[in-house]
Asks: 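Here it is, the structure in full.
Chain letters run A, B, ... following the sequence lines, proteins first and then strands; every chain starts at 1.
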There are 2 protein chains.
Amino acid sequence: MLTIGDMAKTTGVKVPTIRYYEQMGLLSHAERSEGNQRRYSRSERDRLSFIKHARELGLTIEAIRELIDLSQHPEKPCAEADRIAAEQLATVRQKIAKLKKLEAELERISTHCHSNHVRDCYVIRALANHDLCETDHD
Amino acid sequence: MLTIGDMAKTTGVKVPTIRYYEQMGLLSHAERSEGNQRRYSRSERDRLSFIKHARELGLTIEAIRELIDLSQHPEKPCAEADRIAAEQLATVRQKIAKLKKLEAELERISTHCHSNHVRDCYVIRALANHDLCETDHD
DNA sequence: CTAAAACCTCTAGCGGCTTTAGCTGCAAGA
DNA sequence: TCTTGCAGCTAAAGCCGCTAGAGGTTTTAG
Ligand SMILES: [Zn+2]
Ligand SMILES: [Zn+2]
Ligand SMILES: [Zn+2]
Ligand SMILES: [Zn+2]
């Protein structure tokens with residue numbers, strides 16, 4: 001049996017975060033020692049790794065909850081899981097698109113100031129005036 | 001003089017957000033009408049536009065506060081402003097790099113499942129096992 | 001003059017944690 | 001055996017950047 005500290009060490013998820021995941025229903029309420037400390041099995045550690053990996057890929061707690069529920073029912077169709085992954089991919093692509101616009105504007109803004117004083121600073125002027133921008137960036 | 005609603009309409013910043021910015025010290029405490037409603041000048045509207053634009057470019061409230069403080073002192077050197085813009089550009093580039101890794105993994109994950117049941121779903125397997133990934137994505 | 005729209009303050013909520021405070025548990029060294 | 005000190009516990013608050021709602025007041029249009 002693993003302590004919560006062991007879980008943290010082997011998965012890289014911080015101790016308070018593990019307790020938070022339990023509270024959020026991603027991890028079931030762990031068994032307790034006589035002294036009321038959490039004790040975990042290997043399968044619970046695996047589940048925590050799953051959660052960590054999913055979080056790293058940007059999935060929400062809610063999406064992860066659905067995936068875990070699904071994975072408890074191997075006979076069900078997996079369309080729902082596939083949809084969640086596809087949606088996350090779309091979300092990531094949208095974010096990239098937005099950030100690339102920002103990158104272009106910020107690059108322009110931060111390379112155009114050849115002044116020394118705030119009075120003529122291109123950064124300040126560019127922030128004050130969106131007309132200098134080349135894109136909409138919403 | 002403009003009401004808070006006028007400000008919202010002309011800048012696209014929502015009314016509660018304007019009040020929030022005031023609370024955060026980005027907008028100074030507005031003058032009030034006899035009935036205690038906020039009244040703004042054109043320069044305050046310009047400042048709000050500045051704030052909005054900076055937020056759209058991803059700057060934090062804190063960074064915007066610094067920029068506003070700076071812009072009150074046109075004689076000062078603008079190195080600080082330039083640094084803020086450059087840092088934001090770096091931040092955006094980091095985010096893009098991270099998201100591109102995620103995009104690659106998610107693309108792989110969401111195109112590889114040709115199964116019908118959760119039991120063999122590639123999505124579930126890929127999330128459970130980072131070894132199937134091609135990058136670190138931290 | 002009235003009714004509706006806009007405004008006010010204050011508080012709570014979102015997501016995904018992190019931090020803090022004030023406890024108790026437990027193992028190892030003297 | 002005692003003590004020291006890390007590890008664990010709970011509950012609550014804090015973080016960011018808003019957003020939403022309750023419950024009241026002011027302004028404006030007709
Ligand atoms: Zn400058
Ligand atoms: Zn712009
Ligand atoms: Zn599948
Ligand atoms: Zn991975």
Asks: OP1 or OP2 of D:dT19 versus the side-chain N and O atoms of B:K14: is any pair under 4.0 Å?
Replies: yes

Asks: Identify whether any heavy atom of A:R19 sits under 4.0 Å from a base atom; if not, whether one sits that close to sugar-phosphate; answer base, sugar-phosphate or nothing.
Replies: base

Asks: Just the rounded figure in Å: distance from P of C:dG15 to CD1 of A:I64.
Replies: 13 Å

Asks: Where the side chain of B:R32 is defined as all heavy atoms beyond and including C-beta, which of D:dT10, C:dC8, D:dC18 is the nearest nucleotide?
Replies: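 Of D:dT10, C:dC8, D:dC18, C:dC8 is nearest to the side chain of B:R32.
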
Asks: Under 4.0 Å between a side-chain N/O of B:T3 and OP1 or OP2 of D:dT27, yes or no?
Replies: no

Asks: D:dA7 P sits how many Å from A:L2 CG, rounded?
Replies: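 For the pair A:L2 CG and D:dA7 P, the rounded distance is 16 Å.
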
Asks: Under 4.0 Å between a side-chain nitrogen and a carboxylate oxygen: does that hold for A:R47 and A:E44?
Replies: no

Asks: Establish, with yes or no, whether the OP1 or OP2 oxygen of D:dC18 is under 4.0 angstrom from a side-chain nitrogen or oxygen of B:Y21.
Replies: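 Result: yes.
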
Asks: Got a list of protein N/O to nucleotides 12-15 of chain D N/O distances below 3.5 Å?
Replies:
none

Asks: After noting the C-alpha distance and the side-chain angles of B:R93 and A:E107, does the key distance pass the salt bridge (charged side-chain N to carboxylate O under 4.0 Å, His left out) rule?
Replies: CA-CA 10 Å; B:R93 285 184 169 152; A:E107 161 134 43; 2.8 Å; yes

Asks: Looking at A:E134, is its backbone amide N or carbonyl O close enough to the side chain of A:E105 to form a donor-acceptor pair, meaning the two atoms are under 3.5 Å apart?
Replies: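 Pair found, side chain donor or acceptor close to backbone of A:E134.
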
Asks: What's touching nucleotides 22-26 of chain D from the protein side, N or O pairs under 3.5 Å?
Replies:
none

Asks: Given atom CG of A:L26 and atom C1' of C:dC17, what is their separation to the nearest angstrom?
Replies: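 From A:L26 CG to C:dC17 C1': 12 Å.
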
Asks: Less than 3.5 Å apart, which donor and acceptor atoms pair up between the side chains of residues 16-28 of chain A and the rest of the protein, not counting sequence neighbours?
Replies:
| from | atom 1 | to | atom 2 | distance (Å) |
| --- | --- | --- | --- | --- |
| A:E22 | OE1 | A:R38 | NE | 2.8 |
| A:E22 | OE2 | A:H29 | ND1 | 3.1 |

Asks: Do A:E62 and A:R65 meet the salt-bridge criterion of a basic N to acidic O distance under 4.0 Å?
Replies: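 The answer is yes: the pair qualifies as a salt bridge.
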
Asks: Not counting sequence neighbours, which residues clear side-chain hydrogen bond (donor to acceptor under 3.5 Å, both in side chains) with A:T3? List them please.
Replies: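 For A:T3, the residues satisfying side-chain hydrogen bond (donor to acceptor under 3.5 Å, both in side chains) (neighbours in sequence not counted) are A:D6.
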
Asks: Would you kindly give the CD-to-C1' distance between B:E56 and D:dC18, to the nearest whole Å?
Replies: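 So the two atoms are 15 Å apart, to the nearest Å.
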
Asks: With a cut-off of 6.0 Å (strictly less than), are more than 12 heavy atoms of other residues, nucleotides or ligands near CD of A:E87?
Replies: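 It does: A:E87 CD has more than 12 such atoms within range.
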
Asks: Once you round to the nearest 0.5 Å, how far does CD1 of B:I51 lie from CG of B:D46?
Replies: 11.0 Å

Asks: Roughly how many Å is it from CD1 in B:I18 to P in C:dA6, rounded to a whole number?
Replies: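 It is 14 Å, rounded to the nearest whole Å.
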
Asks: Please state how far atom CZ in A:R65 lies from atom C1' in C:dG15, giving the value in whole angstrom units.
Replies: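 Roughly 12 Å, once rounded to whole Å.
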
Asks: What is the distance from CD1 of A:I51 to P of C:dG16, rounded to the nearest Å?
Replies: 13 Å

Asks: With sugar-phosphate meaning primed atoms plus P, OP1 and OP2, does B:R38 contact a base, only sugar-phosphate, or nothing at under 4.0 Å between heavy atoms?
Replies: sugar-phosphate

Asks: Just jot down the salt bridge (charged side-chain N to carboxylate O under 4.0 Å, His left out) partners of B:E34, sequence neighbours excluded, or say none.
Replies: none

Asks: Within this structure, what is the CG-OG1 distance for the pair A:L106 and B:T91, rounded to the nearest 0.5 Å?
Replies: 9.0 Å

Asks: Atom pairs, N/O to N/O, protein against nucleotides 2-6 of chain D, distance under 3.5 Å?
Replies:
none

Asks: Considering just the side-chain nitrogens and oxygens of B:T17, establish if one lies under 4.0 Å of OP1 or OP2 belonging to D:dG17.
Replies: no

Asks: Angle between ring planes, B:H137 versus A:H53, binned at 30° and 60°: parallel, tilted or perpendicular?
Replies: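 Ring orientation of B:H137 relative to A:H53: parallel.
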
Asks: Looking only at side-chain atoms of A:R55, point me to the closest of C:dC7, C:dC17, C:dT19.
Replies: C:dC17

Asks: Tell me: CD of B:E62 to P of D:dC18, nearest whole Å?
Replies: 14 Å

Asks: Would you check, one step at a time, whether the test side chain to side chain contact (heavy atoms under 4.5 Å, CB included) holds for A:L127 with A:V123?
Replies: CA-CA 6 Å; A:L127 287 172; A:V123 172; 4.2 Å; yes

Asks: Considering heavy-atom distances to DNA chain C, does A:I61 or B:I4 have its closest nucleotide positioned more toward the 5' end?
Replies: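 Here B:I4 is the residue nearer the 5' end.
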
